[in-house]
There are 2 protein chains.
Amino acid sequence: MAVTRDDVARLAGVSPATVSYVINNGPRPVSEETRAKVLWAIEQLGYQPNVMAQNLRRQRTNTIGLVFTTIERHLTHPYFVDLLTSVGEECARHGFDLLLSTCTDRALEQSIYERLVGGRRVAGVILTGVRHNDARIAYLSAEGFPFVVLGRPEPDEDFPYIDVDGAQGTDEAVQHLIDLGWRRIAFIGLSAELICADDRLAGYRRALERNGLPYDPRLVANMHTTEEAGHQAMAGFLALDEPPDAVLACSDELALGAMNAAQEQGLVVGRDVGVIGFDDIPSAAYCRPPLTTIRQPMYEIGTRLCRMLIQIIEGEEPEERQVVLPPTLVVRESCGARRCSS
Amino acid sequence: MAVTRDDVARLAGVSPATVSYVINNGPRPVSEETRAKVLWAIEQLGYQPNVMAQNLRRQRTNTIGLVFTTIERHLTHPYFVDLLTSVGEECARHGFDLLLSTCTDRALEQSIYERLVGGRRVAGVILTGVRHNDARIAYLSAEGFPFVVLGRPEPDEDFPYIDVDGAQGTDEAVQHLIDLGWRRIAFIGLSAELICADDRLAGYRRALERNGLPYDPRLVANMHTTEEAGHQAMAGFLALDEPPDAVLACSDELALGAMNAAQEQGLVVGRDVGVIGFDDIPSAAYCRPPLTTIRQPMYEIGTRLCRMLIQIIEGEEPEERQVVLPPTLVVRESCGARRCSS
DNA sequence: CTGAAAGCGCTTACAG
DNA sequence: CTGAAAGCGCTTACAG
């Protein structure tokens with residue numbers, strides 16, 4: 001059995017309340033002598049306060065929830081590791097714990113959030129992969145529960161978020177392709193239900209238009225972000241009567257799949273076809289040829305999102321509430337940058 | 001304010017205890033009429049039991065703890081994503097939550113565990129990266145707290161674990177190199193404090209000896225598993241009077257760094273020098289040339305470890321207690337397998 | 001079949 | 001400066 005506050009009180013010869021006051025180091029004055037006795041007893045017994053009891057009594061949990069969705073054993077977001085690392089570190093800095101839930105089936109999603117939120121298992125949640133008419137956001141808003149979001153809302157919604165300017169990213173990427181001489185540029189977008197999918201498509205179209213290039217819907221696909229999907233989409237494009245000479249994919253996994261599809265047809269990526277990805281995952285630097293890609297500062301985003309959420313939980317006014325960060329185009333060799341420099 | 005059990009009782013016109021009995025669906029008989037009233041009231045109010053209160057009263061938490069160590073913003077274990085995914089899914093299957101703690105500084109490690117364990121924040125923990133004389137294991141054993149370990153113990157210790165036979169993996173890898181004609185094989189091992197580092201070194205030496213090849217300590221390095229470290233180790237080897245013609249690295253990140261170091265010196269990997277990694281991370285399939293590597297079934301290990309831990313927490317006899325799984329050599333092109341087939 | 005009551009391990013106003 | 005007491009939201013033996 002674990003040692004409790006009462007054990008400490010007994011050994012120290014004081015009341016249980018006094019033990020609490022010493023632990024919490026609150027405003028209440030405690031004599032040095034009493035404090036010393038209590039600290040000694042705590043040391044002796046190796047006492048640690050029961051966190052559940054503390055939380056129940058204090059009516060707060062100091063725990064942040066993060067639900068990640070897996071499809072076929074895979075995280076659906078390639079950036080998840082950076083997010084997790086930064087959120088975890090920021091939580092630790094503020095004395096918060098991080099509760100992770102896995103969601104393998106969309107049908108269960110709502111019940112996971114209801115348990116976490118309604119059961120007061122966590123004090124706030126971080127949402128990723130926001131969708132159109134997202135039921136999670138409707139629920140959290142209705143409950144008045146603290147949450148922050150990775151990604152922007154729809155126009156009629158208003159909540160705290162941090163996002164990367166996806167349109168700027170895809171616009172710059174397309175411009176980069178055009179500057180290098182590619183003219184027929186395909187687009188492998190994200191699942192259409194995701195809000196950020198619109199944004200990225202808009203940047204793609206904007207850049208085409210600005211350069212007087214036509215928009216051809218046959219050159220646009222919406223996929224879940226896996227390598228297989230990228231392969232499939234690219235194979236489809238290459239089978240067209242007028243195949244594209246370049247492709248912009250909305251994740252590096254999609255881009256890697258697209259590269260493989262092109263290579264299988266004997267095309268040399270960077271010479272016969274240009275490829276750009278999104279995210280800058282580790283493989284992007286190591287694949288052949290190295291992948292030009294749009295980098296999102298995920299570590300920084302995780303840190304700031306977490307800080308924002310904790311401020312909201314604590315009832316403070318958050319220092320920042322709605323942030324859009326610029327992405328960075330990381331130029332490597334997959335769209336022929338090297339060809340130009342030679 | 002959240003709705004409580006008493007609100008439900010009031011609305012349903014029954015005692016609070018009855019609400020509990022309905023929720024817990026226990027052995028106690030409840031009339032259909034009463035049950036219906038209670039369920040109706042729960043539905044009306046959107047009631048969710050307070051998880052902290054339940055846990056405190058039941059004297060258990062249904063939460064599993066996983067502490068991951070970050071160095072310079074990076075997870076120290078490349079396999080962490082697979083582990084996390086599988087553990088998360090297995091937890092969900094059993095109604096457990098997963099609590100993640102970040103440890104950025106070894107000095108804080110002990111206090112993290114003390115809070116988690118002593119504070120009864122979690123019901124059991126999964127340990128990774130076991131070290132010689134690991135203080136965490138000593139602490140958990142002394143507390144009699146449920147834990148399982150990814151990795152084998154030292155000979156005098158006895159605890160539940162799942163491990164991959166690292167010696168078998170490195171032995172096979174070295175044999176593979178030798179079979180392909182490489183003769184002077186370097187070894188980039190893991191941090192010497194890790195128990196699994198010994199194992200892998202032993203496999204390396206065993207294979208050399210069996211083939212009548214000398215063991216040269218100048219060809220052995222122990223590194224943290226980062227790409228930079230791999231680069232540094234390989235650069236050191238290549239600067240020797242008698243540089244190696246092949247290298248076995250104990251993680252793919254180390255191997256990728258080693259490959260880069262070799263390529264910087266103008267060597268063609270797979271022709272001038274053979275490289276093998278460990279883990280089979282995604283980049284291993286995409287790097288150039290694709291990396292031959294030793295694959296660990298991490299997803300499966302996570303699932304089984306988690307199941308084992310939950311059985312121990314529930315007081316059952318675990319179906320399995322100490323498991324050693326074989327790794328698989330995934331042959332790609334970095335040690336010249338293709339050269340042989342041509 | 002159902003209710004009143006004890007108690008999980010704490011925090012914190014209240015009284016001295 | 002310190003203690004006795006109420007209560008956070010539940011579960012579960014005990015009594016009817």
Side-chain angles (χ1 to χ4, degrees), chain A residues 1-39 41-42 45-63 95 115-123, chain B residues 1-39 41-42 45-63 95 115-123:
Chain A
M1 207 46 231
V3 21
T4 72
R5 182 199 54 168
D6 289 19
D7 298 325
V8 175
R10 212 169 299 124
L11 180 61
V14 299
S15 77
T18 300
V19 175
S20 287
Y21 285 115
V22 170
I23 288 168
N24 296 315
N25 235 335
R28 167 162 172 166
V30 178
S31 76
E32 269 320 307
E33 193 191 338
T34 304
R35 181 186 308 280
K37 275 193 303 191
V38 171
L39 290 177
I42 287 174
L45 299 172
Y47 170 67
Q48 286 282 133
N50 182 309
V51 178
M52 284 183 301
Q54 285 184 317
N55 286 346
L56 177 60
R57 184 52 238 248
R58 288 176 176 153
Q59 295 283 75
R60 56 195 176 80
T61 79
N62 279 22
T63 304
R115 178 163 172 284
L116 250 40
V117 172
R120 293 301 186 257
R121 190 78 182 77
V122 299
Chain B
M1 209 43 231
V3 21
T4 71
R5 181 200 54 166
D6 289 19
D7 299 324
V8 175
R10 214 169 300 123
L11 180 61
V14 299
S15 77
T18 300
V19 176
S20 288
Y21 284 116
V22 170
I23 289 168
N24 296 315
N25 237 336
R28 167 162 171 166
V30 178
S31 76
E32 268 320 307
E33 192 189 339
T34 304
R35 181 187 306 279
K37 277 193 300 192
V38 171
L39 291 176
I42 287 174
L45 299 172
Y47 169 68
Q48 286 283 133
N50 183 308
V51 178
M52 283 183 302
Q54 285 184 317
N55 286 346
L56 177 60
R57 186 49 239 249
R58 289 176 177 154
Q59 296 282 73
R60 57 196 176 79
T61 79
N62 278 26
T63 303
R115 179 164 171 283
L116 250 39
V117 171
R120 292 301 186 258
R121 190 79 182 76
V122 298

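Chain A is the first sequence line, chain B the second, and so forth, proteins listed ahead of strands; every chain is numbered from 1. Since the model is a prediction, treat every value here as computed from it, not as a measurement.
- Within residues 15-25 of chain A, the residues having any heavy atom under 4.0 Å from DNA chain C are, by residue number, A/Ala17, A/Ser20, A/Tyr21, A/Asn24.
- At whole-Å resolution of the value, CE in A/Met52 and P in C/dC10 are 10 Å apart.
- For the side chain to side chain contact (heavy atoms under 4.5 Å, CB included) test with A/Arg5, the passing option among A/Val19, A/Asn50, A/Thr18 is A/Val19; the others fail.
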Whenever both distances are under 3.5 Å in a Watson-Crick or G-U wobble pair, mark it; put DNA chain C into dot-bracket that way, with [ ] for crossing pairs and | when the partner is on another strand. |||.||||||||.|||
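- Side-chain atoms of B/Thr63 and A/Arg121 include a donor-acceptor pair closer than 3.5 Å.
- The minimum heavy-atom distance between A/Ile23 and A/Tyr47, with the atom names listed, is CD1-CE2, 3.3 Å.
- OP1 or OP2 of D/dG7 has not a single side-chain nitrogen or oxygen of A/Gln59 nearer than 4.0 Å.
- Taking atom CG of B/Asn50 as the reference point, atom P of C/dC8 lies 18 Å away to the nearest angstrom.
- A/Val117 approaches A/Arg120 most closely through the heavy-atom pair O-NH1, 2.7 Å.
- Comparing D/dT2, C/dC8, D/dC8 against the side chain of A/Leu56 picks out D/dC8 as the nearest.
- The distance from atom CZ of A/Arg5 to atom P of D/dA5 is 14 Å, rounded to the nearest whole Å.
- Counting all heavy atoms, side chain and backbone alike, A/Ala12 lies closest to A/Val38 at CB-CA, 4.0 Å.
- The minimum heavy-atom distance linking B/Thr4 with B/Asp7 is given by the pair N-OD2, 2.8 Å.
- As rounded to whole Å, 16 Å separates atom P of C/dC10 from atom CZ of B/Arg57.
- Each of B/Val30 and B/Ala53 was assigned the nucleotide of DNA chain C with the nearest heavy atom; the assignment lying further toward the 5' end belongs to B/Val30.
- No N or O donor and acceptor, one from the side chain of A/Arg58 and one from the base of C/dT12, sit under 3.5 Å apart.
- Here the P atom of nucleotide C/dC10 and the CG atom of A/Asn55 are 12 Å apart, to the nearest Å.
- Summarising the geometry, the separation between CZ on A/Arg35 and C1' on D/dC1 is reported as 12 Å, rounded to the nearest angstrom.
- Looking at every heavy atom in both residues, B/Gln54 comes nearest to B/Pro49 through NE2-CB, 3.4 Å.
- Phosphate contact (OP1/OP2 of D/dG9, side-chain N/O of B/Gln54, threshold under 4.0 Å): absent.
- Distances shown here put every side-chain N or O of B/Tyr47 at or beyond 4.0 Å from the OP1 or OP2 atom of D/dG9.
- Counting to the nearest Å, the P atom of C/dG9 and the CG atom of A/Leu45 are 14 Å from each other.
- Counting to the nearest Å, the P atom of D/dT2 and the NZ atom of A/Lys37 are 8 Å from each other.
- Checked against salt bridge (charged side-chain N to carboxylate O under 4.0 Å, His left out), A/Glu33 has no partners two or more places apart in sequence or in another chain.
- Under 4.0 angstrom from either OP1 or OP2 of D/dT2 there lies at least one side-chain N or O belonging to A/Thr34.
- Evaluated for a side chain to side chain contact (heavy atoms under 4.5 Å, CB included) with B/Leu56, the options A/Val51, A/Leu56, A/Asn55 yield exactly one hit, A/Leu56.
- For the pair A/Thr4 and B/Glu33, both in contact range of DNA chain C, the more 5′-proximal nearest nucleotide belongs to B/Glu33.
- Considering all non-hydrogen atoms of both residues, B/Val14 and B/Thr34 come closest at CG1-CG2, 3.9 Å.
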